[in-house]
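None of these values were measured; they are calculated from a predicted model.
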Amino acid sequence: MEIPTPVRATGTHFYRYSGLQHIDWLKPILHDHELYLPSVSQLNDPLDGRPLLAPMSEDKMFNFLYMSNRNPTLTGGAQEKMVGTLRYNIHHHGPEELQREMAKLFYKHLEGHRIYSLSKRYDNLSLWAKYADGHSGYCLEFANEGEFFERAVEVIYGESIPMDVTNPEQRRAYFLYCKREEWSNEEEVRVVVLRGGGSTVKIDPRWLTRLILGMKITEAHEKSIRAWCGQRKPELVVVKAYLDELDQTVKLRA
C-alpha cells in the first residue's frame, strides 16, 4: 500500500476552536503571542499519531530485533547466547505479544512530537459544539502566512495503513498527518513539530487576525475577552458568531 505524502494546506486563514474552562490560557496567546503545542497523548482522538503496526512472523521479528540490538563487540559465545535467548523469547511469548510491547514503547517515543490542530473554516457547527463548549467558547483566526503556519499541511483521512517497522521507508512520520475517515468533518490542517522542538512557539502578532466569540458565550466571559483584546498590541479585532435562521449558517457581526 502506498504511503501518503502530506501536502501544504491551502486557504487564506485557519481556525482554532477552544472552550473557556481555563480562560486564563487565552492571555498568553493574546498578550505574549505564544501558542501551546499539545503532545500526541493530549489530542482528542486516542488513535491520533499512533500508527497500526503490521503483523510480523517469528522470523521477521527475530531479524528486526537482532539487527536493532546487535553488538559487534560481543564475543562469539556471547553472540550465540544472545541469539538463542532472542529466539526463545519470541517463540515463547509469541510475535503478537512482543509486538504489543513494541507498540507501547513506540507510542511512548512519539510523545515527544507536538501537533497544533486547526480547521479550514469558522462556521463548522460541529466544531463549535465539540471544542468550544457548545458555542460558549471562542475561535481564533490565523492568517496562512509566516514561518509557523506555512508548515501547516492537510490531514489525510482514510483507513489506517499498517506500518511495517522493518521497512525504513515506512518509519518516517507520515502517520502524524493521517486520521480515520470518521474525523473528516473537522476539515483539519495541522502543524507538526517533531521531537525536541519544544511545547510552545512564539508567533508574529500579525498572524492572529481575529477572535470570534461563540454565540452562547456568557456576558462575563465576553467582557473579559474584549478587554484583553483591546489591551493587546496590536489591538485584536473581535467579532461574534450568530446563527442566521433563514440560511441556517453561522455568520459574524461586531
Side-chain angles (χ1 to χ4, degrees), residues 1-11 13-18 37-65 67-68 90 93-132 139 142 144 149-195 197:
M1 187 176 294
E2 185 177 354
I3 300 301
T5 301
V7 298
R8 171 82 165 83
T10 59
H13 293 83
F14 301 137
Y15 299 89
R16 174 85 173 181
Y17 296 81
S18 182
L37 311 177
S39 65
V40 170
S41 65
Q42 292 173 315
L43 300 177
N44 195 51
D45 178 4
L47 299 179
D48 203 342
R50 293 172 170 83
L52 179 67
L53 302 187
M56 300 169 69
S57 66
E58 288 191 17
D59 286 341
K60 193 168 186 176
M61 177 166 284
F62 170 80
N63 290 331
F64 173 70
L65 294 177
M67 295 302 293
S68 300
I90 294 174
H93 296 288
E96 182 176 333
E97 187 58 33
L98 290 180
Q99 192 165 14
R100 195 181 305 279
E101 294 304 311
M102 286 171 57
K104 290 179 182 177
L105 292 173
F106 184 48
Y107 298 156
K108 185 176 181 180
H109 173 77
L110 294 177
E111 277 302 295
H113 300 318
R114 299 277 172 169
I115 294 177
Y116 198 69
S117 298
L118 303 128
S119 186
K120 299 184 76 170
R121 57 192 180 96
Y122 65 80
D123 56 355
N124 189 317
L125 288 167
S126 175
L127 299 190
W128 275 111
K130 186 188 299 185
Y131 297 116
C139 179
F142 296 98
N144 181 8
F149 294 104
E150 285 175 353
R151 295 158 59 188
V153 299
E154 305 271 356
V155 166
I156 301 165
Y157 295 101
E159 290 302 312
S160 295
I161 299 175
M163 186 180 80
D164 181 358
V165 296
T166 67
N167 184 344
E169 283 297 309
Q170 294 193 24
R171 291 204 295 269
R172 56 189 177 89
Y174 71 89
F175 46 83
L176 295 175
Y177 307 97
C178 299
K179 293 192 73 171
R180 296 181 185 233
E181 188 67 34
E182 62 218 68
W183 296 90
S184 60
N185 71 305
E186 296 187 351
E187 302 174 84
E188 184 183 343
V189 302
R190 57 175 45 177
V191 179
V192 175
V193 177
L194 299 180
R195 291 175 61 88

For this session: Report yes or no: is the cationic atom of Arg16 (NZ for Lys, CZ for Arg) closer than 6.0 Å to the six-membered ring centre of Phe142, at no more than 45° off its axis?
Result: no

Exercise. Mind checking whether Tyr15 and Tyr122 have parallel, tilted or perpendicular rings, split at 30° and 60°?
Worked result: perpendicular

Problem set entry | Tyr131: partners by ring-ring contact (aromatic ring centres under 6.0 Å, His included), with sequence neighbours left out | none

Exercise. Could Glu97 and Arg100 be called an ion pair, given the rule that one side-chain N must be under 4.0 Å from one carboxylate O?
Worked result: yes

Exercise. Of all heavy-atom pairs between Phe106 and Pro51, which one has the smallest distance, and what is that distance?
Worked result: CE2-CG, 3.5 Å

For this session: Assess whether side-chain contact (heavy atoms from CB on, under 4.5 Å) is satisfied between Glu101 and His93, documenting all intermediate values.
Result: CA-CA 11 Å; Glu101 294 304 311; His93 296 288; over 6 Å; no

Exercise. Between Ser119 and Asn124, do the side chains contain an N or O donor and an N or O acceptor separated by less than 3.5 Å?
Worked result: no

Seminar exercise, completed: What one should report as the nearest heavy-atom pair of Gln99 and Met56 is OE1-N, 3.6 Å

Exercise. Considering all heavy atoms of both residues, which atom of Gly11 and which atom of Asn144 are nearest to each other, and what is their separation?
Worked result: O-ND2, 2.7 Å

Exercise. Knowing that exactly one of Val155, Leu43, Leu176 qualifies, which makes a side-chain contact (heavy atoms from CB on, under 4.5 Å) with Asp48?
Worked result: Leu43

Exercise. Hey, are Glu188 and Arg190 close enough for a salt bridge, meaning a charged N less than 4.0 Å from a carboxylate O?
Worked result: yes

Exercise. Are Trp128 and Tyr17 close enough that their ring centers fall under 6.0 Å?
Worked result: yes

Exercise. Stepwise, does the side-chain contact (heavy atoms from CB on, under 4.5 Å) test hold for Ile90 with Leu98?
Worked result: CA-CA 7 Å; Ile90 294 174; Leu98 290 180; 3.7 Å; yes

Exercise. Among Glu154, Glu187, His13, whose side chain to side chain donor-acceptor pair (under 3.5 Å) with Lys120 holds?
Worked result: Glu154

